[in-house]
Number of protein chains: 2
Amino acid sequence: MRKPQFNSNDRVSTESTLIQTLFAPLALGNASSYGLRDDVAYMAPSPEGLVVTQDHVIEGTHFLASDPVGMVARRLVRRNLSDLIAKGVEPSAAFLSLAWPKSRDHGEMAQFATGLGEDMAQLCGNCPLLGGDTSTIDGPLVASLTMMGRAATQNGQPILRSGAQTGDIIATTGTIGDAWLGLQVRLGLLGGEGLAQCVETAMAPKPPPLALAPVIAKFANASLDVSDGLIADAGHMADCSQLRLSLDLAAVPLSSEACNWLAQASNPLEVMIRLATGGDDYQCLVAISPDQFTNYVVAAKAIGVTITKIGTCEVGAGVRLNYKGQEIPLPEKLGWSI
Amino acid sequence: MRKPQFNSNDRVSTESTLIQTLFAPLALGNASSYGLRDDVAYMAPSPEGLVVTQDHVIEGTHFLASDPVGMVARRLVRRNLSDLIAKGVEPSAAFLSLAWPKSRDHGEMAQFATGLGEDMAQLCGNCPLLGGDTSTIDGPLVASLTMMGRAATQNGQPILRSGAQTGDIIATTGTIGDAWLGLQVRLGLLGGEGLAQCVETAMAPKPPPLALAPVIAKFANASLDVSDGLIADAGHMADCSQLRLSLDLAAVPLSSEACNWLAQASNPLEVMIRLATGGDDYQCLVAISPDQFTNYVVAAKAIGVTITKIGTCEVGAGVRLNYKGQEIPLPEKLGWSI
């Protein structure tokens, strides 16, 4: 938000007026934002340090041009939030870089700001928007969010991809594959019958609640959010932790809609692989010591989060897939890629 | 940099390979970056707090499609750096959000990374790139940088737009209008004779050296970088400080190229107004107590920065323009706007 509201001399106040009208309220009165009227924001000293993530959404790459922009804003918030929750981090500040298409009017920008503000308030524990930059683009909508906060770990460091130990249990929150299923419906590749919730999820998948962050911070050895696809992200953890993740595809938790769809499939294994490589799940994939696993499940359950064991960490490298007791070859495509 | 280099299972490693090849070296071995292989970066506790800025560059809005992408990257770094220097801040970390056009090849991306890395090293005091996000876009190049660092002020707070006092001297670093002049040549609106340096400046205007940040932190009451245009930015300071900035247009410092061009103009006042509203100067506009002004000039001179007094702060609101002893009306357009 480089350009603040201008004085009575101003005859070119469009951007600054929009910022003051639509985005300054999202600073929630936080003094560090200087009301989005200065060039910078100030983050007070934090004894734990700060954990920073940055993710963007691009029209045509991460969302469809026909998506309601309020949902696009929610997707942007949730992409970043799921990264932080998976790392045991509670957000405390966000910065928005917005390239706004000339073809979209200010009413749509208001919808974008509303979606952003509601998610920052409801899902991110009233995380304030402290600054950013807004310009027009002769092309697709591009929005990038930088989100930062404090890890609930004892040393203030985030839970990394690299901390998994041989023998650890691999578990995921929630269900996998809904966003991918919903996207197939939205693209017209699947009929939508019985997949209404997946279609909704596809636009802006919801991460676990913020209250999971301190639970992961307390119990996990390694963690990341499932965004590229379950198998690809398991591969990231395996690679960074220098071991092998052995996953049981039949154990991967599915929503009732996905279960019903799977039940109709002529080749259930092929379907399971699609669900496990589709991506955009925004769930947390965690490696956890066997002696902490029950504590983790109980603590997560207390805040309404279901944990499912789907694998283990072994000596080796990469990902090994099992399905109903048989090892199966890795698919050609492990996940979503640019 | 959401997706790290992948293991031997990987068949979709394009993004991660590019990140590891082109951008991971820009982390300069900083442990907080986790080698750009995790979803987050960690900023260690800083007793002064952190000052954060975020600015983007958009093809067609902030630069021409024909600009060499290495220069585009430099422009991006300098846009952010000039914000921090003006606030008395030395950068310590940066995060890059990159929407890369499908039509531009990886050779161009390498040029982008080279320009980025060289400026981060040479102009930003070896500021490391700690993370970000890279995706393709079916449209123009969009790059956003989030840059943060520590203010060299006693309390760790940045120098704001809002601190100017009645009676303060208004001064700028360097020269004004070169980027605008160079852009006119690049757009074919002006002949380029005698404006070679301006044409170079227009692609990636250079802010004052980093060593100016502690000087501004020590002496300035208010400060911002000249990016919208001198008159518009003076208006921002006036508005935030709730006083009036009275500027002497004839005192605005010009490069020798701009001086020569001005000397040929039939209406020099009109030309001065264009130079003072063109923007992208990346110089520091500072309000400073009269009893500190000489100290400021001397300290700046010691690091090779020329300071020019161009106005004063008065009771009132907005900007008042004077030219050779006469008050003149404000132009219709005070600066660049989206």
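Any value given below was found using the heavy atoms of this structure, including those in side chains, with hydrogens, waters and symmetry copies removed. This is a predicted model, so every value here is computed, not measured. In what follows, chains carry the letters A, B, and so on, assigned in the order in which the sequence lines appear, proteins first and then strands, with residues in each chain numbered from 1.
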S.K.: Using heavy-atom distances under 4.5 Å, tell me whether Ser97(A) contacts chain B through its side chain, its backbone, both, or neither.
M.R.: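 Both backbone and side chain.
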S.K.: Can you say whether Ile58(A) sits under 4.5 Å from chain B via the side chain, the backbone, both, or neither, judging by heavy atoms?
M.R.: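 Side chain only.
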S.K.: To the nearest 0.5 Å, tell me how far Ser46(B) OG sits from Met43(A) CE.
M.R.: 10.5 Å
S.K.: Do you know which of Pro158(A), Gly139(A), Pro47(A) has the most heavy-atom pairs with chain B at a distance under 4.5 angstrom?
M.R.: Pro158(A)
S.K.: Can any side-chain N or O of Arg161(B) pair as donor or acceptor with the backbone N or O of Arg37(A) at less than 3.5 Å?
M.R.: yes
S.K.: Is the backbone of Leu160(B) close enough, under 3.5 Å, to the side chain of Asp38(A) for a donor and an acceptor to pair up by distance?
M.R.: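 It does not hold such a pair.
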S.K.: Using non-hydrogen atoms only, which part of Val52(B) is less than 4.5 Å away from chain A: side chain, backbone, both, or neither?
M.R.: both
S.K.: Counting only N and O atoms by type, is there a donor-acceptor contact under 3.5 Å from the side chain of Thr61(B) to the main-chain atoms of Thr136(A)?
M.R.: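 A pair under 3.5 Å: yes.
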S.K.: For Met148(B), is it the side chain, the backbone, both, or neither that has a heavy atom closer than 4.5 Å to a heavy atom of chain A?
M.R.: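 Contact with chain A: side chain only.
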S.K.: Around Gln154(A), counting heavy atoms of other residues, nucleotides and ligands shown, do more than 12 lie under 6.0 Å from its CD?
M.R.: no
S.K.: Does any part of the side chain of Cys240(B), heavy atoms only, come nearer than 4.5 Å to the side chain of Tyr34(A), both counted from C-beta?
M.R.: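 In short, these two side chains do not touch, never coming nearer than 4.5 Å.
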S.K.: At a 4.5 Å cut-off on heavy atoms, which part of Leu98(B) comes close to chain A: side chain, backbone, both, or neither?
M.R.: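 Contact with chain A: backbone only.
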S.K.: How many angstroms lie between CG in Asp39(B) and CG in Asp83(A), if you round to the nearest 0.5 Å?
M.R.: 4.5 Å
S.K.: Answer with side chain, backbone, both or neither: which region of Asn155(A) has an atom nearer than 4.5 Å to a non-hydrogen atom of chain B?
M.R.: backbone
S.K.: Between CD of Gln157(B) and OH of Tyr42(A), what distance do you get to the nearest 0.5 Å?
M.R.: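 Between Gln157(B) CD and Tyr42(A) OH, I get 5.0 Å after rounding to 0.5 Å.
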S.K.: Between chain B and each of Gly60(A), Gly156(A), Ala41(A), Ala93(A), count heavy-atom pairs under 4.5 Å; write down the option with the most.
M.R.: Ala41(A)
S.K.: Would you mind checking which part of Ala99(A) comes under 4.5 Å of any heavy atom in chain B, side chain (CB onward), backbone (N, CA, C, O), both or neither?
M.R.: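 Both backbone and side chain of Ala99(A) come within 4.5 Å of chain B.
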S.K.: Quick one: does any side-chain atom of Asp133(B) pair with a main-chain N or O of His56(A) as donor and acceptor, under 3.5 Å?
M.R.: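 Checking the backbone N and O of His56(A) against the side chain of Asp133(B), a donor-acceptor pair under 3.5 Å is found.
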S.K.: Would you mind checking which part of Val142(A) comes under 4.5 Å of any heavy atom in chain B, side chain (CB onward), backbone (N, CA, C, O), both or neither?
M.R.: side chain
S.K.: Just verifying a value: how many Å separate Ser32(A) OG and Leu50(B) CG, rounded to the nearest 0.5 Å?
M.R.: 11.0 Å
S.K.: Is there a side-chain contact between Pro140(B) and Asp138(A) in this structure, where contact means two heavy atoms from C-beta onward sitting under 4.5 Å apart?
M.R.: no
S.K.: Between Thr53(B) and Val40(A), is there a donor-acceptor pair closer than 3.5 Å when you use the side chain of the first and the backbone of the second?
M.R.: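 Answer holds: no.
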S.K.: Is there a side-chain contact between Glu48(A) and Pro45(B) in this structure, where contact means two heavy atoms from C-beta onward sitting under 4.5 Å apart?
M.R.: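 Side chain of Glu48(A) against side chain of Pro45(B), heavy atoms only: no contact under 4.5 Å found.
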